Student: 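Below is a structure I'd like to ask you about.
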Amino acid sequence: MASTLRLYLTCIRNTLEAALCLQNFPCQEVERHNKPEVELKTSPELLLNPILICRNESEKCLIETSINSLRISLKVKQADELENILTKKFLRFLSMRAEAFQVLRRKPIQGYDISFLITNYHCEEMQKQKLIDFIVQFMEDIDKEISELKMSVNTRGRLVATEFLKQFI
Amino acid sequence: MAAVAVHQFAPCITCHAWSPDHSMIALCPNNNEVHIYRSSQDKWERVHVLQKHDQIVSGIDWSPRSNRIVTASHDRNSMHCFLSRYVWNREGPEWVPTLVILRLNRAALCVQWSPRENKFAVGSGAKTVCICYYEQDNNWWVSKLIRKRHDSSVTSVAWHPNNILLATTSTDGKCRVFSTFIKGVDTRDSKAGSSSDSKFGEQIIQLDLSFSWAFGVKWSPSGNTLAYVGHNSMIYFVDDVGPSPLAQNVAFRDLPLRDVLFVSEKMVIGVGFDCNPMVFGADERGIWSFVRFLGERKSSFSGSKYGSQFSEAFGKFYGQSKTGVSNDGIDPSRSRGGIHENCINCIVSLGEEGSSRTLRFSTSGLDGRVVIWALENQEDLSEYL
């Protein structure tokens with residue numbers, strides 16, 4: 001179990017190391033503008049092939065690269081309805097505060113739970129290795145967080161039910 | 001160690017150029033200014049700041065003989081609605097800018113003086129290359145465009161030593177060689193075979209070797225060989241550029257390069273996302289290959305990665321429990337290079353003008369450092385020099 005997670009994360013890490021070769025590139029379509037090409041997709045020659053890394057049917061990671069920006073979209077494992085709701089709420093909470101994270105995207109790509117957008121400016125300000133470490137650490141922590149949330153919801157539910165039903169004993 | 005000196009100038013450097021006597025360096029600290037530093041007794045002091053551009057300066061070149069600086073930027077001239085760039089002339093202690101109207105409608109990405117310094121070439125995001133020359137009668141720099149030849153932005157330009165041929169690389173993956181003969185500026189050499197009967201803007205050859213973006217084109221000192229890099233971690237060498245060129249591809253394991261420099265006829269230094277210069281050399285038969293990295297590399301952690309999987313398997317075998325995400329589950333990132341901490345994007349020769357061998361060169365990168373490298377003490381590379 002742990003080994004597939006490690007392989008998955010190693011694969012993502014190696015892909016990110018190769019894909020995070022970004023450089024400053026002014027927009028070809030509009031003068032004086034500098035836009036992340038992966039979001040606009042106006043010039044197909046500036047985009048690289050997207051890579052989809054799947055751990056199983058429910059967990060995958062899509063990495064799309066262009067000359068000055070990179071977009072990583074993650075789909076987190078959701079085993080049942082409760083995890084579904086918890087994941088959605090938790091990741092929405094994070095995405096709404098995307099400015100604090102700088103590399104987070106406010107809305108995930110269709111079909112995924114959360115997305116990151118890394119531009120060449122991030123690579124200039126921050127070290128590439130630390131960015132990759134952050135993304136991989138994030139992926140590991142998400143799973144832990146969701147399990148903890150689920151456990152706490154179940155525990156609370158049990159406690160509340162016990163208390164409520166005590167009056168009928 | 002091959003690195004002789006390391007200087008930290010700014011948080012991030014886009015490009016740099018040296019003065020003819022190598023005492024001053026002009027660099028762009030990732031904004032719209034050009035800072036000129038002079039070295040005096042081991043310290044660098046900022047002597048000038050050239051502030052005429054509105055957006056980031058993408059290319060600087062300092063002509064060795066006439067002591068002029070040309071800068072190109074992503075901006076646009078607000079008065080005439082054209083893209084601009086400046087030629088700076090040293091008059092007294094100050095640098096005086098001359099605006100050059102380029103007639104480009106997108107950013108200028110790279111600039112280089114021609115070997116005889118009567119022309120310079122600019123590559124732009126408008127998919128054109130602009131050649132500018134000085135018109136004596138009007139006291140003005142005039143530009144001529146090479147249009148409709150490139151399918152995408154022109155990332156790098158390089159002049160052939162004969163002052164007429166220009167090689168360009170573009171994000172459509174192709175490298176093209178054009179003739180830039182301009183009447184009145186260039187003289188027709190009767191002995192120059194292929195370039196003598198070509199008009200301005202004529203494409204001599206188009207090299208379609210890379211299926212990814214191409215950067216960093218340079219000619220060898222004699223003009224016989226052309227080298228450029230592709231984003232697919234390959235470097236391409238083309239001999240005998242002309243009707244029947246001889247191309248070689250060298251693929252390497254590491255991250256792509258951004259720029260190259262010929263230090264002699266048989267040795268090329270490439271710099272890029274690995275933060276460490278790579279040496280490529282040609283043997284007696286003319287076959288190019290990767291020799292080694294120039295700087296020291298911090299030892300990669302790939303050994304411990306295998307070690308931890310092995311030890312985990314051993315642990316399971318002997319019934320030890322390991323938590324799902326152990327400490328070595330987060331593999332420490334492989335640190336690259338030692339001297340530059342971020343991508344190197346510019347390499348400039350520090351050799352004497354006109355010599356075919358360069359023993360020193362400087363690199364600048366996104367970490368804001370300029371590092372000077374010397375090849376005199378590297379014995380294993382002396383066979384290539």
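In what follows, chains are A, B, ... by sequence order, proteins preceding strands, each numbered from 1. On a predicted model such as this, the values are computed, not experimentally measured, just so you know.
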Student: Let me know if A:Leu22 has heavy atoms under 4.5 Å from chain B in its side chain, its backbone, both or neither.
Tutor: backbone
Student: Between B:Asn342 and A:Cys123, which heavy-atom pair has the shortest distance, and what is it?
Tutor: ND2-O, 2.9 Å
Student: Testing the basics here: between A:Glu45 and B:Asp151, what is the closest heavy-atom pair and its distance to 0.1 Å?
Tutor: OE2-O, 3.9 Å
Student: Could you look at B:Cys343 and say if it's the side chain, the backbone, both or neither that has a heavy atom under 4.5 Å from chain A?
Tutor: neither
Student: Show the nearest heavy-atom pair for residues B:Asp54 and A:Arg32, with the distance to one decimal.
Tutor: OD2-NH1, 3.8 Å
Student: Under 4.5 Å heavy-atom distance to chain A, tell me which part of B:Ser233 shows up: side chain, backbone, both or neither.
Tutor: neither
Student: What's the shortest heavy-atom distance between B:Ser152 and A:Gln28, and which atoms?
Tutor: OG-OE1, 2.9 Å
Student: Less than 4.5 Å to any heavy atom of chain B: does that hold for the side chain of A:Glu29, its backbone, both, or neither?
Tutor: backbone
Student: Can you tell me how far apart CG (A:Asn34) and CD1 (B:Ile56) are? Round to the nearest 0.5 Å.
Tutor: 8.0 Å
Student: Restricting to non-hydrogen atoms, name the atom on B:Thr171 and the atom on A:Phe25 that form the minimum distance, rounded to 0.1 Å.
Tutor: CG2-CE1, 3.9 Å
Student: How about A:Leu46 and B:Ser153: do any of their side-chain heavy atoms sit closer than 4.5 Å?
Tutor: no
Student: Could you tell me if B:Asn345 and A:Gln23 have a donor-acceptor pair between their side chains, going purely by distance under 3.5 Å?
Tutor: no
Student: What part of B:Phe215 is in contact with chain A, defined as an atom under 4.5 angstrom from a non-hydrogen atom: side chain, backbone, both or neither?
Tutor: side chain
Student: For residues A:Leu48 and B:Trp213, determine if any side-chain heavy atom of one lies less than 4.5 Å from a side-chain heavy atom of the other.
Tutor: yes
Student: Tell me, side chain or backbone of A:Met126 under 4.5 Å from chain B's heavy atoms, or both, or neither?
Tutor: backbone
